[in-house]
Amino acid sequence: MDQIFGNLQLLFEFPAVNLEIIIQGAMIGAIFVLVAYGLALVWGVMNVKNLAQGALVIAGGYVSWWLAQRGMPVLVGIPVAAIVLALIGGACSGTPIDKFCRRHWRVAIVFAVAMTVVMFAGLYTTAPGSAWAAYEGVGRTFGTIGGIGLFGILVACGGLYGLVISRVIERDLFTSLLATFGIGIMFEQLMNLMFGSDTQSLRLDYDSFSFFGGIVNVPVAKLLAVIMAAALAIAVIIFMKRSRMGQAIRATAQDARAARVLGIDTERVYAFTFSLNAALCGAAGALVVLVWEIMPFYGIPYSVRAFVIVTAAGLGNLPGVIAAGIGIGVMEQYGGHIFGIGYQQAIAVLLLLLVLLIRLAQQRRNRQVLQ
Amino acid sequence: MSEHIIQVSDVSKSYGGVVANKDISLSVRKGGITGLIGPNGSGKTTLFNSIVGYHPIDDGSIKFEDKEISRLPVPEIARLGLLRTFQQTRIFSAMNCVENMLISLPHRKMTIMQMLAQNSKADHDRAAQLLDFVGLYEKRLLRSGSLSFGQQKLLEFAMALMNEPTVLLLDEPTAGINPTLINGLIDRLKRANSEFGITLFIIEHNMRVIMNMADTIYCLAHGEMLASGAPEDVQNDQRVIDAYLGAH
Amino acid sequence: MTGTGNKIVSYITLALFIILAPLLFPDYRTSLAALWLLIIVALTWDMTGGQMGYNSLGNIFFYGTGMYVAAVVGISLAYDVADYTNAAGGGIYKFTDAQYFTGMLVGSLAAGLFCAVSALILGWLLFGLRGPYFAIGTLGVAIAAGELVSNWDWVGGGQGIALPVYPYDLDQGKLFFYYLFAGLGVAVFAFCAWLYNTRFGAAINAIRDDEEKAEAMGIHTLRYKLIAWSMAAFFVGVAGAFSAFQLIHFEPLETAYQTINLGIFMVVCVLLGGKGTLWGPVIGAIMFHVFKEVTWTYFLGWQWVALGALIVVTVVYFQDGLMGWLKTRRPEWFGIRVEQKAAIAEAAE
């Protein structure tokens, strides 16, 4: 208790601390906005509540980190992560490759099983105490080939969208929630197996701007990340407003049946929306790895925050998402400062509950329920 | 006061810029059959929904047995004994007819201990009797979702009777029902009114039907009250004829 | 007549098997107790999820809260809780047999009641949320509770609590906990079998099928939802209390409020077996337990990937579960009639 009062007092004695907290919170919020906007898209357009959102972010982070480990310039990671995640999300869905795989689905399954076997056989040699330890080098190669082959066939069959999401869109909403939860678990565990459970980060060795005698610090790396997030958001806004696909997405969001009647291929719109969301998450992850750290199980907080933001802001309301994202970032920083860093996760979740209850009270006044 | 069980005074409701109801006042006489007619889009269903609590009203007051209900949510209004059926019927389609009937027991009159008991023989008998009343006894063990639309409407009516309401609001009871069955339905509605003592408030499109049943009729057009009174008066009212046959 | 006779015989056989199983397979006592825990949480999840259509992802909250309440009450009967948790363990503080067993009994009852009451309060706040919002809201409650408890030093913070060990022989202890869980499981099953045949059971089914219609029929929807959830919470709380004493040591995030382990397992069990049926959760729990034991033994390291895949495959391709699949294949086994002829013939008799 005393500690909490002490922390509060600090805020009043040194107003600059407030500024520091707000700036930090806004910077964190800027990255949440990307993830939340992706969620708002898939939620609004295809009514899928994606609990795997955080796992996609972390996956994007690992793509960027993996490239940097192999000597790529750090910033290259951002577009590459976006592209890889778009592929995972379902960028191939509906293309000739996907159609070919679907027509010859038996071949695709046999290929996938064969690749799985090759991968596991290869990995087996690297297990500690394996009888085949002498062939570890060959095993590694086999493991890599199998893994890439499996990844390739899954992507070619439509990725997450084609394999899972497309089958849960029309079903009741709990289905999509649980299916994406399962996807999230799989992703986390695969990343854990591939990269280990240590925290990883990429540090950009730029300076910080300092004000007020060091109370307010603005690291250039974070500033860069915010600028890139903003640029990305603007690009998406322009895309949604100007391009044909953007218009088709907005039309589908309003009324999928009417859009279908008017000749819009809603399947393609859905696939595109989901892979766009995955790409946004991937890019956000690549930014996260620059300014904080990632590990396989750090995804859930991003999912939770994305839900808070979207629930608070509503669907298809980008200015609202931006405001809510930054607001949540700031509130979390304040909460963390006042109650201690251990409560940060709890605060994010409690904010979600708070937002839900406020929305509920609003609806009750209209004699309605929240659904 | 007590003669009128529902009293609607100066109720207005608009959706965005569209005015659906404007200063509507009407009252439903206890024990009678009151009709509400009007062309498509005249605001009949909006008024119904305002009464049973599906949305807030902008202005005015709605009283049921002299109690203000315009701010209560749906289940509380239903528990006062004010029940409605839906234009698009709503039944529990995964259950059979008897189960549907048994769910419709008047829960508002039950205590928790009664809830935690099984349905009694008397409940089953009453369900069978009411299913017989609407002519669905033969189909009682069928999954209700497999019934035809007209039969589902009859089932919904029987469910409403099972609930022993004080007032029953019916939203177009004859819509979608085979014309040859309509006379039977009119007869049953009248009997429900006279035998079970249920006050009826009916939205109806079919002029012949409502003129046959109601003792008082209100006519809405463009969200406003156009005419009211005994069936013959309303039927002969030039404004009503214009509203039905006019260009709108 | 023979139908009831057969039923009685099969129930007696089942009861004998339940009683004899741990004696016949002594190596699997702990695993069988874990299976009973799964059956309990699956059955209670189905009370709201399958029968009432409210898919909670936060029932694990009651499991964890049950653990903590039982432990705190059990300890407080003998010692000061703050001192006990400060010393971080049961090694220093000795419990007599009487203290141990009264602690367990009183603690379990307190856990059940506390959870039932907290379900009433949480439900009052959350039952306005429908569908996915309810799932997210309850998940939020469970996560938040875990985080808050792990910051609460009085109950041991992130370290958790270490309870005293079973006072007699360890093998006997395993048997003891097996029978505790089995007894609770049978009680929950019998309770559900009775509940679903009452008017209350029909009313919560009505809420699942069309809540708006149920409201319009004047059913006390909120009251029934609260009662159903708090009944479920009571049993989960007691199960949590038993687990606390069985596991001896538990901590908040991985054991008590294990959102992504048991919290999601119970849902998967129910989906595997079939939502909204009496036997579905039981069968699903057995199927899931076997799957889990096999993957944990033979695919160590990949077990979680396999589990995620199981969730996805179940949800996407097999959502009605085993019982649901049978229901569409063999509706007559469940007394459902769709054909007109059968019903008319019946009526003519």
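In what follows, every heavy atom counts, from backbone to side chain, and hydrogens, waters and symmetry copies are set aside. Throughout, protein chains are lettered first and strands after them, A, B, ... in sequence-line order, and every chain is numbered starting at 1.
Contact tally against chain C (heavy-atom pairs below 4.5 Å) for A348(A), A346(A), G184(A), S176(A): the top residue is A346(A). Ranking V315(C), L271(C), N151(C) against chain A, the residue ahead of the rest is N151(C), based on heavy-atom pairs under 4.5 Å. The candidate with the highest count of non-hydrogen atom pairs below 4.5 Å against chain A, out of V267(C), I264(C), V313(C), is I264(C).
There is no contact between F187(A) and chain C, counting heavy-atom distances below 4.5 Å. At a 4.5 Å heavy-atom cutoff, the contact between F181(A) and chain C is made by side-chain atoms alone. With a 4.5 Å cut-off on non-hydrogen atoms, L357(A) touches chain C through its side chain but not through its backbone. Within the 4.5 angstrom heavy-atom criterion, no atom of L310(C) approaches chain A. With a threshold of 4.5 angstrom between heavy atoms, V268(C) does not approach chain A through any atom at all.
Contact check for W304(C) versus L193(A): no side-chain heavy atoms found under the 4.5 Å cut-off. L139(C) has its side chain out of reach of V349(A): every pair of non-hydrogen atoms, C-beta onward, lies at least 4.5 Å apart. Within the 4.5 Å cutoff, the side chain of R167(A) has heavy atoms near those of the Y317(C) side chain.
Across all non-hydrogen atoms, the minimal contact from V316(C) to A179(A) is CG2-CB, 4.3 Å. Considering every non-hydrogen atom in both M186(A) and V312(C), the closest pair reads SD-CG2, 4.4 Å.
In this structure, F114(C) places its CZ atom where only 12 or fewer heavy-atom neighbours from other residues, nucleotides or ligands lie under 6.0 Å away. Atom CH2 of W124(C) is surrounded by 12 or fewer heavy atoms from other residues, nucleotides or ligands within 6.0 Å.
One distance of note links CD1 of I311(C) with CD1 of I185(A); it measures 4.0 Å at 0.5 Å rounding. For the atom pair CG (L126(C)) and CG (L356(A)), the distance works out to 8.0 Å, reported to the nearest 0.5 Å. Here the CG atom belonging to L177(A) is positioned 6.0 Å from the CG atom belonging to L57(C), to the nearest 0.5 angstrom.
I136(C) pairs in a side-chain contact (heavy atoms from CB on, under 4.5 Å) with only one of the listed residues (V308(A), L352(A), L353(A)), which is L352(A).
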